[in-house]
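As the structure lists them, so they are numbered: ligands from 1, and atoms in each ligand from 1. Below, each value reflects all heavy atoms present in this structure, side chains not excepted, and no hydrogens, waters or symmetry copies.
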Amino acid sequence: MKLTPKESAVYQEHFLMDSETVKRYVVERLGAFPAEAPIEVTEIGDGNINYVFRVVNQTTNESLVIKQADVLLRSSGRPLDIERNRIEAEILRLQNELAPQFVPQVYYYDQKMYALTMEDVSAYQNMRYELIEKHIFPAFSEEIAEYLARTLLLTSDLVLARDVKKQRVKAFINPEMCDISEDLVFTEPYNDYKKRNIVTAGNERFVAENLYENEPLQVEVALLRNNFMNNAQALLHGDLHTGSIFINQTGLKVIDPEFAFYGPAGYDIGNVLAHLYFPMIKNLLDPTSDREFHQWSKQMIREVYDKVQVKLAEYYDEAVTFSLYRNHTFKDTMLQGIMADAAGYAGTEIIRRVVGDSKVKELSLVSAEKKIAAERMLLKLGIQLIINRKHITCGNQLIDGITELEGE
Ligand code: ADP
Ligand code: MG
């Protein structure tokens with residue numbers, strides 16, 4: 001959609017919009033619709049961070065989505081750097097260039113209002129809820145692998161000019177959002193130092209022995225944490241769980257990249273993998289587990305890993321031109337490193353969603369008597385992924401452990 005933004009005295013300084021203000025904003029500031037058009041505004045934000053509005057011109061049925069950030073978190077009211085909204089707008093633009101099929105188009109970014117106006121992707125559904133309903137999406141692995149390989153490899157300085165890449169590292173420095181991940185993903189699950197972990201009654205001993213007192217695991221997690229903080233390898237989405245993926249039988253769209261920063265490419269891949277295990281384990285423990293969904297879930301975990309690996313190699317051959325990087329041994333070492341990270345970060349993500357305070361919906365839907373077992377399965381899987389990450393070479397190894405669980 002083409003907008004004709006106008007300068008307006010009203011929107012010179014950030015204030016939080018509501019449905020009524022948004023209605024005026026799209027006309028007065030964005031020039032999206034004529035003043036007389038019947039405009040319907042619906043607040044659709046389900047997240048606990050920002051404010052999201054869907055705006056429809058009821059005459060033409062044209063629509064757009066506005067996402068506005070505040071200086072305070074929507075849920076807890078604590079302050080959070082509002083620059084995250086600019087970062088989100090910029091990465092959406094970049095990713096839309098690299099993978100237009102999979103990323104909503106940004107129509108306008110208003111840096112005074114911290115309001116991002118983008119393509120409405122309401123034709124797609126939140127993938128987390130789709131998987132809870134046991135819907136399957138045969139093209140998922142192919143499409144997400146394409147998105148991952150392109151957005152990750154093509155933002156690295158294996159491909160980008162050195163100066164351009166460094167400018168981007170600077171533009172996407174995102175300390176407050178990274179701080180959240182550094183604590184919630186890489187620290188608290190292993191020592192509960194902020195006393196925010198929520199451990200299911202009956203699993204306290206299991207968690208203490210396997211996480212809080214597991215020194216070999218903690219060393220590996222420390223390495224993954226250090227890599228997350230220091231390896232500015234690729235421009236990451238940074239929060240690529242299934243609630244950030246909107247999907248239907250025709251395709252998918254990735255939204256909500258406000259945690260974006262330059263980090264290890266394997267982090268995004270690992271997040272996608274991790275969030276395929278939750279609906280699978282939930283289904284396995286349901287009173288009536290769906291065989292087809294189970295097989296599809298396993299297939300997806302295997303294929304996401306394998307296809308990302310293949311596509312990274314293909315795009316590498318296509319896009320990397322620097323002579324020293326064209327060496328096969330160098331290429332294999334780089335790609336093996338990314339895939340080992342992917343497995344490790346899948347593990348840290350699984351673990352943090354089980355014991356941390358940001359739980360996944362799937363686990364809340366497991367019956368009380370099976371919850372202890374579900375969480376132990378997931379924790380064991382997560383730990384194995386972390387410990388074995390450098391020995392994993394193909395997707396089949398990611399589901400080895402699952403086959404054992406099927407009979408239980
Ligand atoms: P938050 O940062 O608060 O988590 P999200 O970006 O996840 O916000 O958006 C919250 C919800 O708003 C999404 O789950 C989705 O339902 C809806 N949404 C966000 N962006 C779009 C879009 N471009 N098109 C349609 N719906 C969207
Ligand atoms: Mg969100």
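The residue among L92, D239, D256 with a heavy atom at the shortest distance from atom 4 (O) of ligand 1 is D256. Of the candidates T117, I49, V65, V65 brings a heavy atom nearest to atom 21 (C) of ligand 1. When N50, I255, N85, I44 are checked for heavy-atom proximity to atom 2 (O) of ligand 1, N50 turns out nearest.
Within the 3.5 Å criterion, the main-chain N or O of P264 finds no donor-acceptor partner in the side chain of Q233. The backbone N or O of G263 lies less than 3.5 Å from no partner atom in the side chain of N231, so there is not a single donor-acceptor pair. A donor-acceptor pair under 3.5 Å links the side-chain atoms of S156 to the main chain of L153, judged by distance alone. Distance alone, capped at 3.5 Å, places no donor-acceptor pair between the N227 side chain and the L223 backbone.
The distance from the CE atom of M339 to the CE atom of M334 is 13.5 Å, given to the nearest 0.5 Å. Note that OH of Y325 and CG of D157 are 6.0 Å apart. Values are rounded to the nearest 0.5 Å.
Less than 4.0 angstrom separates some heavy atom of E258 from each of these atoms of ligand 1: 2 (O). Atom numbering of ligand 1 starts at 1 in the shown order; those under 4.0 Å from a heavy atom of S122 are 25 (C). Less than 4.0 angstrom separates some heavy atom of D120 from each of these atoms of ligand 1: 24 (N), 25 (C). Heavy-atom contacts of M118 reach the following atoms of ligand 1: 20 (N), 23 (N) (cutoff under 4.0 Å).
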side-chain contact (heavy atoms from CB on, under 4.5 Å) evaluation trace for L224 with R389: CA-CA 11 Å; L224 288 164; R389 68 189 185 284; 3.7 Å; yes
message: Is there a ring pair (Phe, Tyr, Trp, His ring centres under 6.0 Å) between F228 and Y267? Walk through the geometry before answering.
response: CA-CA 8 Å; F228 178 86; Y267 188 72; 4.8 Å; yes
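Both the backbone and the side chain of V121 come within contact range of ligand 1, each with a heavy atom under 4.0 Å. Only the side chain of K67 comes within 4.0 Å of ligand 1, judged by heavy-atom distances.
Pairing each heavy atom of A374 with each of V366, the nearest pair is CB-CG1, 4.2 Å.
For atom 11 (C) of ligand 1, the closest heavy atom belonging to the protein is D46 OD1, 3.0 Å. Closest to atom 9 (O) of ligand 1 among all protein heavy atoms lies V52 CG2, 3.7 Å.
For K390, the NZ atom counts as loosely surrounded, since its 6.0 Å shell holds 12 or fewer non-hydrogen atoms of other residues, nucleotides or ligands.
Side chain to side chain, D332 and Q336 fail the donor-acceptor criterion of an N or O pair below 3.5 Å.
In terms of N/O distances under 3.5 Å, ligand 1 is approached by E119.
Around the Mg ion (ligand 2), the protein contributes the following N, O or S atoms under 2.8 Å, ordered by chain and number: D256 OD2.
Residue-ligand proximity: F246 is placed with a non-hydrogen atom under 4.0 Å from ligand 1.
Applying the salt bridge (charged side-chain N to carboxylate O under 4.0 Å, His left out) test to every pair with at least one member in residues 362-373, sequence neighbours left out, gives these pairs: R128-E362.
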